[in-house]
Amino acid sequence: MPTELPYAAEAETSLGYEELHVLKTQYYKEIEQGHVTTQSKFNYGWGLVKSGSAEYQTEGVKLLQEIYSASPAHRRECTYYIAVGYYKLKNYAYAKRFNDLLLSVEPENMQAQSLRTLIDQAVQRDGYIGMGLIAGAAAVTGLIVAGLVKRSRR
């Protein structure tokens with residue numbers, strides 16, 4: 001589902017297997033050497049977030065949050081991609097929290113503004129789906145109760 005918001009397009013696109021494999025190879029090579037650079041860890045976390053797998057996205061968010069906590073100099077980049085990761089995982093509350101954090105510092109950030117629109121649209125869509133499920137459940141419950149009342153009157 002491509003977005004019409006060019007700045008947030010990456011929130012709805014995935015990284016290819018080959019590209020992710022290159023980032024993974026570099027990251028694990030540095031682990032074997034005993035020192036992982038922040039840049040390699042960020043690149044791999046970014047790649048995982050941009051993957052099509054929820055498991056990988058979760059791991060990517062975890063790596064980016066580790067960098068966010070340990071390296072204040074990288075918080076800006078991490079904040080946006082953590083928000084993207086949570087958005088892709090459909091955890092809109094956390095996506096909104098991290099995206100709003102970035103917007104509080106950079107209110108003119110077009111990526112974050114576009115991502116906010118995507119998050120708001122997803123929350124609204126999920127709200128409609130939730131209301132539809134509740135309405136459907138109420139209708140089924142009403143039919144069951146009506147059937148039981150009709151049966152008990154016989």
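No hydrogens, no waters, no symmetry mates; every other heavy atom, side chains included, goes into these values.
Legend: residues meeting side chain to side chain donor-acceptor pair (under 3.5 Å) with Glu66, ordered by chain and number and at least two apart, are Lys41. Tyr86 meets the side chain to side chain donor-acceptor pair (under 3.5 Å) test with Gln65; sequence neighbours excluded. Contacts of Arg97 classified as side chain to side chain donor-acceptor pair (under 3.5 Å), with partners at least two apart in sequence or in another chain: none. Applying the side chain to side chain donor-acceptor pair (under 3.5 Å) criterion to Asn91, with sequence neighbours excluded, gives no partner residue. Partners of His74 under the ring-ring contact (aromatic ring centres under 6.0 Å, His included) rule, at least two apart in sequence or in another chain, do not exist in this structure.
Here the straight-line distance linking atom CD1 of Ile82 with atom CG of Leu64 works out to 5.5 Å at 0.5 Å rounding. To the nearest 0.5 Å, the span separating CD on Gln111 from CD on Glu106 amounts to 9.5 Å. In this structure, the separation between CZ on Phe42 and OH on Tyr81 is 6.0 Å, given to the nearest 0.5 Å.
Leu102 approaches Ala112 most closely through the heavy-atom pair CD2-CB, 3.9 Å.
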For residues 31-38, run the donor-acceptor check on the side chains, cut-off 3.5 Å, and write out each pair with its distance to 0.1 Å, sequence neighbours left out.
unit_1	atom_1	unit_2	atom_2	d
Thr37	OG1	Glu30	OE1	3.1
Thr37	OG1	Ser40	N	3.1
Thr37	OG1	Ser40	OG	3.1

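For the residue pair Asn43 / Gln39, a side-chain donor-acceptor distance below 3.5 Å is found, with atom types taken as modelled.
In this structure, Gln57 contributes its side chain and Ser51 its backbone to a donor-acceptor pair below 3.5 Å. Lys96 places no side-chain N or O within 3.5 Å of a backbone atom of Ile119 that could act as its donor or acceptor partner.
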Gln113 and Glu108: CA distance, side-chain angles, deciding distance, side chain to side chain contact (heavy atoms under 4.5 Å, CB included) verdict | CA-CA 7 Å; Gln113 289 176 4; Glu108 301 301 315; 4.3 Å; yes
List the steps and the verdict of side chain to side chain contact (heavy atoms under 4.5 Å, CB included) for Tyr94 and Leu89.
-> CA-CA 10 Å; Tyr94 278 109; Leu89 290 165; over 6 Å; no
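Counting non-hydrogen atoms of other residues, nucleotides and ligands closer than 6.0 Å to OH of Tyr27 gives a total above 12.
Between Tyr87 and Tyr92, the ring planes lie tilted relative to each other; the angle falls in the 30° to 60° range.
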